[in-house]
2 protein chains.
Amino acid sequence: MRVSRDQAEKNRQTVIDVASQLFREHGFDGIGLKDLMKAAGLTQGAFYKQFASKDDLAAQASKRAFESAYRLRSAVAAANPQDPLAAVIALFLSMEHRATRMDGCPLVALGADAARQGPEVKASFEAGIKEYLENFGRLLGEVGGEEPSGKAMAILSTMVGAVLLSRAVNDERLAKRFLQAAAESVMGLSAGAVQTGQHQ
Amino acid sequence: MRVSRDQAEKNRQTVIDVASQLFREHGFDGIGLKDLMKAAGLTQGAFYKQFASKDDLAAQASKRAFESAYRLRSAVAAANPQDPLAAVIALFLSMEHRATRMDGCPLVALGADAARQGPEVKASFEAGIKEYLENFGRLLGEVGGEEPSGKAMAILSTMVGAVLLSRAVNDERLAKRFLQAAAESVMGLSAGAVQTGQHQ
DNA sequence: ATTATCTATAGATCTATAGATAATGC
DNA sequence: ATTATCTATAGATCTATAGATAATGC
């Protein structure tokens with residue numbers, strides 16, 4: 001029954017990965033520990049050797065979700081050196097992003113849930129939001145001031161709101177128009193940004 | 001024990017009102033029927049004479065939440081005939097709105113939850129979103145075309161995202177800056193709107 | 001000897017239903 | 001006679017814990 005420490009650590013990472021997806025899909029309250037552990041290939045009994053509580057897992061899974069969102073943005077930016085910001089915006093405001101809650105932005109999927117959670121989860125979200133803002137600031141060609149810029153905050157707000165609203169309506173045409181309207185608005189906001197061809 | 005039909009109908013309305021607030025506060029999965037009925041001054045047993053299921057109540061409570069949001073927008077617009085749009089925007093992007101989830105915009109509080117709910121709840125949200133867009137279209141001075149305008153969609157997306165993000169961070173200063181950045185961006189988008197002094 | 005995972009379970013809570021009760025509505 | 005609400009409960013599920021098991025790590 002017992003596995004090696006190496007394997008135990010791998011199992012723990014799998015639980016966090018799986019939880020980061022299933023929480024985004026069902027909400028923090030929409031899935032139980034039994035189903036989470038089963039999806040990770042374990043039983044519920046193993047949970048409390050790995051995590052202090054469901055809240056603890058929620059905080060770690062949130063952090064993980066922001067990490068994979070960051071990795072995806074970086075990869076897309078690197079693949080489009082001529083206009084990395086436009087590429088990141090297009091990815092965020094795509095119908096594919098709307099369709100894949102499980103792998104999408106945690107702010108859209110869990111932002112409202114996070115506002116109701118304990119301090120651990122909220123800390124993960126606050127850090128994730130600041131990372132988004134720094135990231136956008138750099139893509140906008142801003143010098144790395146310590147304060148996030150209003151422009152970055154407006155862009156993030158618009159994109160998060162648009163994907164949220166596009167998911168809340170069944171009408172696919174309306175959903176698409178939300179994403180397009182946000183894209184136009186955000187591209188307008190980012191116009192005038194220095195195009196250095198550099199990113200990260 | 002039995003009450004008059006009049007009183008029974010009043011009780012039903014109270015349940016819907018209370019649920020529209022408590023769902024916004026705790027999420028659809030964050031509060032049970034027992035607590036909802038208790039908050040309405042009844043016991044859980046009375047629930048199923050009034051509603052078909054929790055989903056049914058969720059759909060009706062969502063509709064009610066959009067109605068009271070609409071009433072509030074109308075009142076604020078009527079009280080500020082010189083610039084009703086600016087007044088509605090200022091209300092939406094206020095720290096008071098951020099603080100009162102229970103009485104605030106259902107899109108911010110429950111938009112992500114709604115995307116995971118059944119068709120009844122989603123229908124309430126779709127109708128509520130279309131109402132917001134028509135409302136903003138009129139305030140922008142647009143003639144009432146059948147299609148919501150991209151401008152109205154961008155404004156709604158930005159405001160919903162900004163309040164959502166402002167609630168997800170603990171840092172009050174950052175929260176305020178999100179709202180301010182969104183206000184500036186949205187006022188820029190709405191510039192050029194016809195100022196007729198008429199509303200509704 | 002230690003420990004990662006398992007099965008089993010405690011105790012609380014969830015949605016939904018059943019039957020009793022007491023007031024309304026005819 | 002009808003029925004709105006109550007108490008009580010069924011059956012499922014939730015988080016968390018306890019103790020058994022079997023493999024690792026020393």
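Each chain gets a letter, A, B and so on, in the order its sequence line appears, and its residues count up from 1. Basis for what follows: all heavy atoms, side chains included, without hydrogens, waters or symmetry-related copies.
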For the side chain of [X], counting heavy atoms from C-beta on, which of [options] is nearest?
X        : options                  : value
Thr43(B) : dA16(C), dT7(D), dA16(D) : dT7(D)
Ala8(B)  : dC6(C), dA4(D), dC14(C)  : dA4(D)
Ser4(A)  : dA4(C), dC6(C), dT24(D)  : dT24(D)
Gln44(A) : dA4(D), dT15(D), dC26(D) : dT15(D)

**Study point:** Spacing of CZ belonging to Arg5(B) relative to CZ belonging to Arg12(B), to within rounding of 0.5 Å
**Key:** 14.5 Å
Point to revise | Backbone of Val88(B) reached by a side-chain donor or acceptor of Arg73(B) within 3.5 Å | key: no
Check your understanding: Is the backbone of Ala154(B) close enough, under 3.5 Å, to the side chain of Thr158(B) for a donor and an acceptor to pair up by distance?
Key ->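 Judged by distance alone, yes, a pair lies under 3.5 Å.
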For atom [atom1] of [X] and atom [atom2] of [N], their distance in whole Å:
X        : N       : atom1 : atom2 : answer
Phe47(A) : dT3(C)  : CZ    : P     : 20 Å
Leu33(B) : dG11(D) : CG    : P     : 19 Å
Asp29(B) : dC14(C) : CG    : P     : 11 Å
Lys10(A) : dA4(C)  : NZ    : C1'   : 15 Å
Lys54(A) : dT13(C) : NZ    : P     : 15 Å
His26(A) : dC14(D) : NE2   : P     : 12 Å
Lys49(A) : dA16(D) : NZ    : C1'   : 13 Å
Tyr48(B) : dG19(C) : OH    : P     : 17 Å

Review point. Is the NZ atom of Lys63(A) crowded by more than 12 outside heavy atoms at less than 6.0 Å?
Key: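 No, not enclosed.
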**Study point:** Crowding at CD, Glu172(B) (>12 non-hydrogen neighbours, <6.0 Å)
**Key:** no
**Study point:** Short side-chain N/O contact from Asn11(B) to OP1 or OP2 of dA4(D), under 4.0 Å
**Key:**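 Indeed not, no polar side-chain atom of Asn11(B) lies that close.
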Review point. Base, sugar-phosphate alone, or nothing: which one does Gly45(A) contact when heavy atoms must sit under 4.0 Å apart?
Key: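 Base: the residue Gly45(A), judged by heavy atoms under 4.0 Å, touches a nucleobase.
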**Study point:** Given DNA chain C, 5'-ward residue of the pair Asp6(B) and Asp35(B), judged by closest heavy atom
**Key:** Asp35(B)
Review point. Given that Val3(A) and Arg5(B) both sit by DNA chain C, which one's nearest nucleotide is further toward the 5' end?
Key: Val3(A)
Point to revise | Pair partner, dT24(D) [Watson-Crick or wobble, under 3.5 Å] | key: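 By the stated definition (distances under 3.5 Å), dA1(C) pairs with dT24(D).
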Practice item. Determine which nucleotide pairs with dG11(C), using a 3.5 Å limit on both distances of a Watson-Crick or G-U wobble pair. Key: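 Check on dG11(C): paired to dC14(D), both distances under 3.5 Å.
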Practice item. Using only heavy-atom distances, decide whether a donor-acceptor pair under 3.5 angstrom links the side-chain of Arg2(B) to the base of dT5(D). Key: no
